[in-house]
> 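Provided herewith is a single structure, encoded as structure tokens, for subsequent inquiry.
All values reported here derive from a predicted model rather than from experimental measurement.
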Amino acid sequence: MRWIVALAALFAVSMSSSLSAADKPNVVFVLCDDLGYGDLSGLNPNSKLKTPHFDRVAAEGVIFTDAHSGSAVCSPTRYGVMTGRYAWRTKLQSGVLGGLSPRLIEPGRTTVASFLKDRGYHTKCIGKWHLGMDWVKLPGKQVTELNIESADQVHNVDYSQPYTNGSTSVGFDEYFGISASLDMVPYTFLRNDRVTVLPTVDKAWELMLGRPAAMSRLGPTAPEFHANQVLPALTAEAVKYIGERADNARNGKPFYLYLPYASPHTPIQPTGEWLGKSGLNAYGDFVLQQDANIGELLKALDEHGLTKDTLVVITSDNGCSPQAKFDELIAKGHNPSHIFRGTKADIFEGGHRVPYLVRWPAKVTSGRTTNRLTCLTDFFATCADILGEKLPDNAAEDSVSYLPTLLGQPTSPDRAVVHHSINGSFAIRQGDWKLALCPGSGGWSAPRPGQQDTSSMPLVQLFNLRDDIAETKNLEADRPEVVKRLTQLLEAFVATGRSTPGTPQQNAVEVDIWKAGKAAHQPVQTKTKKKKT
């Protein structure tokens with residue numbers, strides 16, 4: 001088949017560009033949470049936010065303008081970053097995990113962390129995990145496995161007991177952070193395999209500071225814990241870690257720091273000195289605070305002489321959330337989704353096109369921009385390529401190295417990327433063409449499945465992004481041959497358990513690429529009031 005030949009050629013180009021195994025840069029992967037492509041002044045000339053520290057990385061490295069998260073929401077994207085594999089191959093077919101959910105990463109699966117650790121790296125995760133861990137449940141109590149825990153489950157865990165199968169079970173030497181999003185229990189910091197302070201009181205926070213009408217989930221909280229502590233605490237831990245590892249790094253013992261921030265996701269809680277700084281709203285203020293924390297991270301690398309030999313990747317797990325109040329921001333001339341349609345959760349570009357900045361001064365020429373189609377899953381294969389290592393067939397099945405792009409070498413134009421929305425809708429992108437197997441957004445934007453009737457719309461949407469980046473004109477009726485080709489390519493990716501060359505692998509469950517789209521194609525069932533008798 002054509003797609004196998006194209007991918008084999010791409011793989012050959014990637015492997016031929018590998019550096020010597022002696023070149024082992026430190027690796028820092030920063031994953032912001034719900035940060036929009038349009039929020040960064042270095043990517044969006046119309047941004048009303050000035051983000052000098054994000055922009056510094058862009059100026060000193062490579063900007064990927066066509067990069068995508070593996071999903072339009074949190075947990076699935078994080079799975080893809082860690083494993084180089086699409087999360088829709090797992091049991092998690094839609095939505096996200098909760099703070100009490102069991103571990104999603106399968107036992108024995110190779111992760112970026114375990115791969116680098118086995119090759120001499122010291123590894124640490126600092127931040128929002130959101131990939132599950134196995135808490136000790138109270139007798140007779142349960143928690144939801146593949147969704148956010150319900151209000152009546154938040155006290156079903158014995159928080160005084162260590163948990164198992166967290167981040168240190170999948171390749172990290174150390175961990176500090178929070179279990180999931182900052183609007184999910186427990187509200188307390190974790191270190192390695194236990195909470196640092198028992199969550200003995202119940203608290204909730206305003207989803208946007210100063211607006212008590214919308215609150216986070218009420219649940220177990222450490223008495224002195226506050227949502228606005230998390231961003232500075234994670235940065236302080238990262239700066240400390242860089243200092244602790246600096247001597248080893250300078251002596252040939254590199255480190256891998258995975259820094260998944262919980263911001264600017266809700267609760268949008270900037271600290272006092274940042275309030276009003278953006279002139280927009282609290283979300284804008286929070287983005288500016290996030291940028292300043294990126295600056296602290298870069299300063300630590302500078303001060304310890306590690307900048308040149310450290311690969312820094314900065315990105316976001318999906319697009320910006322509607323909780324940022326798009327109407328307010330756009331009224332002031334700022335659009336977190338830039339020129340793209342939709343928001344977090346959607347199958348449209350605003351749901352999954354993300355900022356992606358890569359800097360490595362020792363090897364990568366600065367000040368470059370590339371429109372190479374890229375997915376966050378590609379980070380794993382890139383790390384392996386840098387070390388001159390071949391990945392095993394049962395690892396990183398959906399990861400393609402972008403090292404050739406970093407080195408200014410040619411890459412295949414035939415790369416295809418699969419997109420996934422919060423309700424499990426699929427899309428596939430190759431070249432200029434994007435095919436979505438659903439009639440609406442698959443997420444929270446209009447037409448919103450389940451809330452707006454999309455039954456009269458075509459079941460699929462085909463967009464030419466070169467001519468129509470805003471995804472306004474559905475060409476499915478005009479280009480049936482493109483619909484057929486991309487559908488068959490996606491079906492092949494599902495059937496073979498991988499989207500890269502190699503031995504076919506198994507998905508954890510049967511994957512139905514049409515399920516969510518067909519469900520959204522049914523007439524919306526409206527509730528009718530019963531007449532009184």
> Rounded at 0.5 Å granularity, tell me how far CG in Leu104 sits from CG in Asn165.
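Interatomic distance, Leu104 CG to Asn165 CG, rounded to 0.5 Å: 12.0 Å.
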
> What I'd like to find out is whether the side chain of Thr315 reaches to under 4.5 Å of the side chain of Val30, using heavy atoms alone.
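Heavy-atom side-chain distance check fails, nothing below 4.5 Å.
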
> For the atom pair NZ (Lys332) and CG (Asp327), what is the distance rounded to the nearest 0.5 Å?
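It is 11.0 Å, given to the nearest 0.5 Å.
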
> Does one side chain, of Thr77 or Asp317, offer a donor that lies under 3.5 Å from an acceptor on the other?
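Note: Thr77 and Asp317 side chains miss the donor-acceptor criterion.
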
> Of the non-hydrogen atoms in Arg448 and Gly443, which two are nearest, and what is the gap between them?
CG-O, 3.3 Å

> Checking the side chain of Ser445 only, and the main-chain atoms of Ser441 only, is there a donor and an acceptor separated by less than 3.5 Å?
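Answer holds: no.
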
> Would you please say whether a donor-acceptor pair under 3.5 Å links the side chains of Thr266 and Gln323?
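No.
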
> Within the side chain of Asp432, is there an N or O that forms a donor-acceptor pair under 3.5 Å with the backbone of Asn464?
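Not a single qualifying donor-acceptor pair exists.
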
> Can you check whether Ser425's main-chain N or O pairs, donor with acceptor, with Ser421's side chain at less than 3.5 Å?
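Pair found, side chain donor or acceptor close to backbone of Ser425.
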
> So, do Leu298 and Val57 sit near enough that their side-chain heavy atoms are less than 4.5 Å apart?
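Counting from C-beta outward, Leu298 and Val57 do come under 4.5 Å.
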
> Set out, in order, the CA-CA distance, both residues' side-chain angles and the distance that settles side-chain contact (heavy atoms from CB on, under 4.5 Å) for Leu40 and Leu35, then state yes or no.
CA-CA 9 Å; Leu40 305 190; Leu35 179 71; 4.1 Å; yes

> Taking side chain to side chain donor-acceptor pair (under 3.5 Å) as the test, write out the residues that go with Trp444, two or more places apart.
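By the side chain to side chain donor-acceptor pair (under 3.5 Å) rule, Trp444 matches no residue at all.
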
> Report the C-alpha distance between Phe54 and Ile314 in whole Å, list the side-chain angles of each, state the deciding distance to 0.1 Å, and finish with yes or no for side-chain contact (heavy atoms from CB on, under 4.5 Å).
CA-CA 8 Å; Phe54 283 110; Ile314 299 181; 3.6 Å; yes

> What is the minimum heavy-atom distance between Ser455 and Gln522, and which atoms define it?
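Scanning both residues completely, I find the closest heavy atoms to be CB-C, 3.9 Å.
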
> Where is the tightest heavy-atom contact between Ala72 and Asp346, given as atom of each residue plus distance?
CB-O, 3.3 Å

> Considering only heavy atoms from C-beta outward, does the side chain of Ile63 approach that of Thr370 to under 4.5 Å?
no

> Are Ser401 and Asp385 linked by a side-chain donor-acceptor pair shorter than 3.5 Å?
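Their side chains do contain a donor-acceptor pair, which is all the 3.5 Å distance test asks for.
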
> Do Gln153 side-chain atoms and Thr144 backbone N/O form a donor-acceptor pair below 3.5 Å?
yes

> Measure the CG-CG distance between Leu297 and Leu257 for me, rounded to the nearest 0.5 Å.
6.5 Å

> Just by distance, do the side chain of His130 and the backbone of Leu97 share a donor-acceptor pair under 3.5 Å?
yes

> How long is the span from the CG atom in Leu43 to the OG1 atom in Thr51, to the nearest 0.5 Å?
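Taking CG in Leu43 and OG1 in Thr51, the distance rounds to 7.5 Å.
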
> Mind checking the CG-CD spacing from Leu234 to Gln229? Nearest 0.5 Å is all I need.
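CD of Gln229 is found 11.0 Å from CG of Leu234.
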
> What I'd like to find out is whether the side chain of Leu190 reaches to under 4.5 Å of the side chain of Ile178, using heavy atoms alone.
no

> Can you check salt bridge (charged side-chain N to carboxylate O under 4.0 Å, His left out) on Arg85 and Glu106, steps first, answer last?
CA-CA 12 Å; Arg85 182 177 185 243; Glu106 303 87 347; 3.0 Å; yes

> Determine, step by step, whether Glu471 and Lys434 satisfy the salt bridge (charged side-chain N to carboxylate O under 4.0 Å, His left out) criterion, reporting the C-alpha distance in whole Å, the side-chain angles of both residues, the deciding distance to 0.1 Å, and the verdict.
CA-CA 9 Å; Glu471 298 172 282; Lys434 176 180 177 182; 2.9 Å; yes

> Not counting sequence neighbours, list each pair that qualifies as a side chain to side chain donor-acceptor pair (under 3.5 Å) and has a residue in residues 276-287.
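Those involving residues 276-287 are Asp39-Tyr283, Ser278-Asp285, Asn281-Glu328.
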
> Between Arg89 and Gln505, is any side-chain donor less than 3.5 angstrom from a side-chain acceptor?
no

> Which residues pass the ring pair (Phe, Tyr, Trp, His ring centres under 6.0 Å) test with Phe380, not counting sequence neighbours?
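So Phe380 forms a ring pair (Phe, Tyr, Trp, His ring centres under 6.0 Å) with Phe115.
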
> Go through the structure and list residues passing side chain to side chain donor-acceptor pair (under 3.5 Å) with Gln289, not counting sequence neighbours.
Thr271

> Can you see whether Arg372 engages Thr405 through a side-chain donor-acceptor pair at a distance of less than 3.5 angstrom?
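Indeed, the side chains of Arg372 and Thr405 share at least one donor-acceptor pair under 3.5 Å.
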
> Tell me whether the rings of Tyr258 and Trp129 are parallel (<30°), tilted (30 to 60°) or perpendicular (>60°).
perpendicular

> The test is salt bridge (charged side-chain N to carboxylate O under 4.0 Å, His left out); show your working for Lys473 and Asp468 and say whether it passes.
CA-CA 7 Å; Lys473 186 176 182 180; Asp468 180 24; over 6 Å; no

> Would you mind reporting whether Cys74 and Lys128 have side-chain heavy atoms less than 4.5 Å apart?
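Sidechains of Cys74 and Lys128: in contact.
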
> Would you say the rings of Tyr402 and Tyr356 are close, in the sense that their centroids are separated by under 6.0 Å?
yes

> With a 3.5 Å cut-off and no angle check, do the side chains of Thr235 and Tyr261 form a donor-acceptor pair?
yes

> For Ser399 and Asp378, which I'm curious about, is there any donor-acceptor pair between the side chains at under 3.5 Å?
no

> Report the relative orientation of the aromatic rings in Tyr256 and Phe379; use parallel for angles under 30°, tilted for 30 to 60°, perpendicular for over 60°.
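Rings of Tyr256 and Phe379: tilted, 30 to 60°.
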
> Give a yes or no answer on whether the side chain of Arg479 reaches the backbone of Glu481 with a donor-acceptor pair at less than 3.5 Å.
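Not at all, since once roles are kept as given, no pair shorter than 3.5 Å links the two residues.
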
> Got a sec, which residues hit ring pair (Phe, Tyr, Trp, His ring centres under 6.0 Å) with Tyr86, two or more places apart in sequence or on another chain?
Trp88

> Assess the residue pair Phe348 and Phe340 against the criterion (ring-ring contact (aromatic ring centres under 6.0 Å, His included)); give the C-alpha distance rounded to whole Å, side-chain angles, the decisive distance to 0.1 Å, and a yes or no.
CA-CA 8 Å; Phe348 300 130; Phe340 309 117; over 10 Å; no

> Without swapping roles, check the side chain of Asn474 against the backbone of Glu476 for a donor-acceptor pair under 3.5 Å.
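Yes: the side chain of Asn474 pairs with the backbone of Glu476.
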
> Compute whether any side-chain donor of one residue and acceptor of the other, for Ser71 and His420, lie under 3.5 angstrom apart.
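Not at all, the side chains of Ser71 and His420 share no donor-acceptor pair under 3.5 Å.
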
> Hey, what do you get for CG (Asn371) to CZ (Phe64), rounding to the nearest 0.5 Å?
10.5 Å

> Pro322 and Thr343: which non-hydrogen atoms are nearest, and at how many Å?
CG-OG1, 3.5 Å

> If you take all heavy atoms of Gln290 and Leu231, which pair is closest and at what distance?
NE2-CD1, 3.7 Å

> For residues Asn318 and Ser69, is any side-chain donor paired with an opposing acceptor at under 3.5 Å?
no

> Are a donor atom and an acceptor atom from the side chains of Arg498 and Thr500 found within less than 3.5 Å of each other?
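Result is yes, a qualifying pair exists.
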
> Taking only Lys NZ, Arg NE, NH1 and NH2, and the carboxylate oxygens of Asp or Glu, determine whether Asp291 and Lys50 approach each other closer than 4.0 Å.
no

> With sequence neighbours left out, write down each residue that passes salt bridge (charged side-chain N to carboxylate O under 4.0 Å, His left out) with Glu206, or none if nothing qualifies.
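Residues passing salt bridge (charged side-chain N to carboxylate O under 4.0 Å, His left out) with Glu206: none at all.
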
> Should Trp514 and Phe426 be marked as a ring-ring contact (aromatic ring centres under 6.0 Å, His included) after you check the CA-CA gap, both sets of side-chain angles, and the distance that decides it?
CA-CA 8 Å; Trp514 295 100; Phe426 279 84; 9.7 Å; no

> Can you confirm whether the side chains of Glu397 and Ser499 place a donor and an acceptor under 3.5 Å from each other?
no

> Assess, by modelled atom type and distance only, whether the side chains of Thr377 and Asp398 contain a donor and an acceptor separated by less than 3.5 Å.
no

> Hey, are Arg78 and Asp33 close enough for a salt bridge, meaning a charged N less than 4.0 Å from a carboxylate O?
yes

